[in-house]
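These numbers were taken from a predicted model, which means no experiment stands behind them. Counting starts at 1 for both ligands and their atoms, following the listed order.
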Amino acid sequence: MNRTLTLAALALCAAVSAQAQVRVDDPWVRTTVPEQKSTGAFMAVTSAQGGKLVSASSPVATSVEVHEMKMEGDIMRMRAVPSVPLPAGQRVDFKSGGYHLMLLGLKQPVKAGEVVPLTLVVEDAAGKRENVDVRAVAKAAP
Ligand SMILES: [Cu+2]
């Protein structure tokens, strides 16, 4: 590795350690039509030290569940899971067809361009919980 790259890597490490241990990339929420009471929230979550996502909440929904979607035979099923493992330093995708957050009991329709606040609760190996505030943008599809 040349000297420039080394310095850049050091600067990046410093920036990460000064912030929270959990990083969230590209958060978004799927827009809804009138009368629709639930929708999905998607993002990529990376925990520097490892841990698990145990719950989430949002002021726009009565509750937020952590869901997993997977094929059972030839049927795609969605179910609530108690937590999602976040291996140290590994990006975990919350996306359509896999893990996602389900916003239930929407108080009003989610319109394109709106910013939807979400709070993720991440628990580390020692059982210590950290709140991670996320501002997800509403859009119709990725
Ligand atoms: Cu779901």
Review point. The Cu ion (ligand 1) to Met78: any N/O/S contact under 2.8 Å?
Key: yes
Point to revise | Name of whichever N/O/S atom of His67 is nearest to the Cu ion (ligand 1) | key: ND1
Review point. Under a 4.0 Å N-O cut-off, is there an ion pair linking Arg135 with Asp133?
Key: no
Check your understanding: Around atom NZ of Lys107, are there more than 12 heavy atoms of other residues, nucleotides or ligands at under 6.0 Å?
Key -> yes
Review point. Does Ser38 put an N, O or S atom under 2.8 Å from the Cu ion (ligand 1)?
Key: no
Practice item. Would you give the length of the straight line joining atom CG of Leu53 to atom CZ of Phe94, rounded to the nearest 0.5 angstrom? Key: 4.5 Å
Review point. Do NZ/NE/NH1/NH2 and the carboxylate oxygens of Glu123 and Lys128 come within less than 4.0 Å?
Key: no
